[in-house]
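Have a look at this one.
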Amino acid sequence: MRLSALLALASKVTLPRDYRYGMSRPGSLADRRKNPPGTRRRRVAVEPISDEDWHLFCGDTVEILEGKDAGKQGKVVQVIRQRNWVVLEGLNTHYRYVGKTAESRGTMIPSEAPLLHHQVKLVDPVDRKPTEVEWRFTEAGERVRVSSRSGRIIPKPDFPRADGIVPETWTDGPKDTSVEDALERTYVPRLKTLEEEVMEAMGIQETRRHKKVYWY
Amino acid sequence: MCRLLHTTLSRKGLEEFFDDPKNWGEEKVKSGASWTCQQLRNKSNEDLHKLWYVLLKERNMLLTLEQEAKRQRLPMPSPERLEKVIDSMDALDKVVQEREDALRLLQTGQEKARPGAWRRDIFGRIIWHKFKQWPIPWYLNKRYNRKRFFAMPYVERFVRLRLEKHARIEARKKSLEKKKEKFLQEKFPHLSEAQKSSQV
């Protein structure tokens with residue numbers, strides 16, 4: 001097996017078949033502490049929602065319908081698709097201690113609990129009321145979320161990229177290719193393999209004759 | 001800036017295994033996004049050839065850095081750079097394979113680059129035997145003739161048993177699917193109406 005593939009296998013996290021997804025990232029220390037190998041928990045029923053039908057994204061403003069903070073609006077910070085969970089910023093919180101030692105209790109911080117997709121509703125951007133949302137196509141052919149009550153389009157919110165890059169304030173480093181160079185089209189389709197084209201470009205003449213090999 | 005000392009490293013070319021000296025000891029190094037397949041499809045074959053070696057050298061540098069960090073028992077600065085380089089190289093390989101496949105299909109009609117054949121091995125299974133390159137023909141090859149591409153009659157019983165095993169596995173999967181469907185129907189009764197309306 002190729003060495004790179006073998007190494008990739010070693011670093012990939014294999015989860016058990018009936019793994020229960022929680023708030024911690026699978027493979028992290030907290031998750032490994034909570035679910036050591038051999039943990040078997042009761043299976044939770046998760047409603048199967050396809051990727052096309054899912055309408056809640058990070059950065060959306062949603063209103064909570066039931067629970068402790070019912071009626072409050074908040075921004076979605078994290079979406080856990082495996083459990084149909086949505087985590088709002090600062091809402092639906094319970095309190096826990098962080099940095100506990102043998103002597104001190106540590107610091108108390110509010111930690112958000114997740115909400116299921118049917119416990120929150122997207123908020124209409126104009127009248128700021130919760131609405132049901134459908135996926136429809138615009139005149140241009142773009143697939144957008146439209147609120148059923150008023151018919152207004154709810155645009156997909158901007159959320160900072162996971163790799164921390166902010167496209168507006170980006171300057172290329174010494175090893176980065178500039179935008180024009182990266183998007184420049186230099187491909188001319190020809191009936192030649194990569195090897196033949198490179199040999200032409202570098203002026204390599206192949207004078208060796210291929211010895212007869214048998215394939216079986 | 002004038003360099004009064006000339007290190008021997010630069011003459012041997014080993015400095016390419018290490019990052020820019022300005023980045024030595026940094027906690028984080030900024031890096032851009034990886035090359036996407038669509039961007040690479042717009043590039044000519046010479047550009048792809050050059051880019052492959054640039055990415056290869058960068059990958060070697062990052063792997064050296066990773067190993068050194070492990071040796072020193074320190075965290076590697078910005079390990080996502082290595083993932084981005086590996087993703088870019090995989091995308092490049094995919095694009096080159098696509099181009100090769102297209103050319104081969106056009107010129108010869110062959111779907112696979114490496115020749116092979118469907119053969120029955122000694123266990124009675126029909127397998128895709130990939131051909132190897134040999135310097136001598138098959139009838140002179142001792143090692144190749146020791147391989148048997150036929151099954152003796154006593155193997156038929158085991159072929160039947162294997163078929164039964166596969167049939168049982170498939171049946172179990174089907175019944176598991178049905179049970180899961182039923183369970184989901186009980187828990188989420190609105191699913192069936194949603195499915196029917198979407199199909200209509």
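Throughout, a chain's letter reflects where its sequence line sits, starting with A, and its residues are numbered from 1. Every heavy atom of this structure was used, including side-chain atoms; hydrogens, water molecules and symmetry mates were not.
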key: Non-hydrogen atoms of A/Thr186 and B/Lys43 that approach each other most closely   =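 Nearest pair, atom of A/Thr186 first, then B/Lys43: OG1-CA, 3.4 Å.
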Between B/Ile136, B/Asp47, B/Asn141, the one whose heavy-atom pairs under 4.5 Å with chain A are most numerous = B/Ile136
request  = Name the option with the most non-hydrogen atom pairs under 4.5 Å to chain A; the candidates are B/Lys50, B/Gln39, B/Arg99.
outcome  =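 Between B/Lys50, B/Gln39, B/Arg99, the count favours B/Arg99.
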request  = Please say whether more than 12 non-hydrogen atoms of neighbouring residues, nucleotides or ligands are located less than 6.0 Å from CG in A/Asp158.
outcome  = no
inquiry  = Could you measure the distance from the OH atom of A/Tyr214 to the OH atom of B/Tyr139? Nearest 0.5 Å is fine.
reply    = 6.0 Å
ask   = What residue in B/Glu58, B/Gln133, B/Lys180 has the most heavy-atom pairs under 4.5 Å with chain A?
value =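 Most heavy-atom pairs within the cutoff with chain A belong to B/Gln133.
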message = Quick check against the 3.5 Å criterion: does B/Lys187 have a side-chain atom that pairs as donor or acceptor with the backbone of A/Val46?
response = no
inquiry  = Quick check on A/Arg152: does its CZ atom have over 12 non-hydrogen neighbours (other residues, nucleotides or ligands) under 6.0 Å away?
reply    =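 Above 12, so yes.
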query = Does atom NZ of A/Lys68 have more than 12 heavy-atom neighbours, drawn from other residues, nucleotides or ligands, at distances under 6.0 Å?
reply = yes
Top of A/Lys192, A/Arg161, A/Glu197 for chain B proximity - count of heavy-atom pairs under 4.5 angstrom = A/Glu197
key: Contacting moiety of A/Ile165, where chain B heavy atoms sit under 4.5 Å   =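 Contact with chain B: side chain only.
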Heavy-atom contact with chain A under 4.5 Å, split by part of B/Ala102 = neither
task = Can you tell which part of B/Arg114 gets under 4.5 Å to a heavy atom of chain A, answering side chain, backbone, both or neither?
result = side chain
task = Answer yes or no: are there more than 12 heavy-atom neighbours, outside A/Trp54 itself, under 6.0 Å from its atom CH2?
result =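 Above 12, so yes.
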inquiry  = Within the supplied structure, the quantity of interest is the number of heavy atoms (other residues, nucleotides, ligands) at a distance under 6.0 Å from B/Glu26 CD; does it exceed 12?
reply    =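 Yes, the 6.0 Å shell around CD holds more than 12 heavy atoms from other groups.
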request  = Spell out, as yes or no, whether a donor-acceptor pair under 3.5 Å connects the side chain of A/Lys211 to the backbone of B/Pro135.
outcome  =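 Checked: no pair found.
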ask   = Which one of B/Phe131, B/Tyr144, B/Phe149 satisfies the ring-ring contact (aromatic ring centres under 6.0 Å, His included) criterion with A/Tyr216?
value = B/Tyr144
message = Using side-chain heavy atoms (C-beta onward) and a distance below 4.5 Å, is A/Glu200 in contact with B/Asn45?
response = no
query = Out of curiosity, A/Asp172 CG to B/Lys30 NZ, how far, rounded to the nearest 0.5 Å?
reply = 7.0 Å
task = Verify the neighbour count for atom CZ of A/Arg185: are there more than 12 heavy atoms of other residues, nucleotides or ligands below 6.0 Å?
result = yes
key: Spacing of CG belonging to B/Leu103 relative to CD belonging to A/Glu196, to within rounding of 0.5 Å   =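 B/Leu103 atom CG to A/Glu196 atom CD measures 7.5 Å (nearest 0.5 Å).
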message = Which heavy atom of B/Met61 sits nearest to which heavy atom of A/Lys175, and what is that distance?
response =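 Of all heavy-atom pairs spanning B/Met61 and A/Lys175, the closest is CE-NZ, 3.3 Å.
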request  = Determine, for B/Phe183 and A/Arg43, whether the Lys NZ or Arg CZ falls below 6.0 Å from the six-membered ring centre while staying within 45 degrees of the axis.
outcome  =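 No cation-pi geometry.
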ask   = For the residue pair B/Pro115 and A/Trp215, what are the closest heavy atoms and their distance?
value =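 For B/Pro115 versus A/Trp215, the nearest heavy atoms are CG-CE3, 3.5 Å.
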inquiry  = Which one wins on heavy-atom pair count under 4.5 Å against chain B: A/Gly173, A/Ala201, A/Ala182, A/Pro189?
reply    = A/Ala182
ask   = If you measure from CD on A/Glu195 to NE2 on B/His49, what distance do you get to the nearest 0.5 Å?
value = 9.5 Å
inquiry  = Using heavy-atom distances under 4.5 Å, tell me whether A/Thr171 contacts chain B through its side chain, its backbone, both, or neither.
reply    = both
request  = Give a yes or no on this: more than 12 heavy atoms of other residues, nucleotides or ligands lie within 6.0 Å of atom CD of B/Gln107.
outcome  =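 Correct, the count exceeds 12.
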ask   = Above 12 or not: heavy atoms from other molecules or residues under 6.0 Å from CZ of B/Arg168?
value =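 Atom CZ in B/Arg168 is not packed in, count stays at 12 or less.
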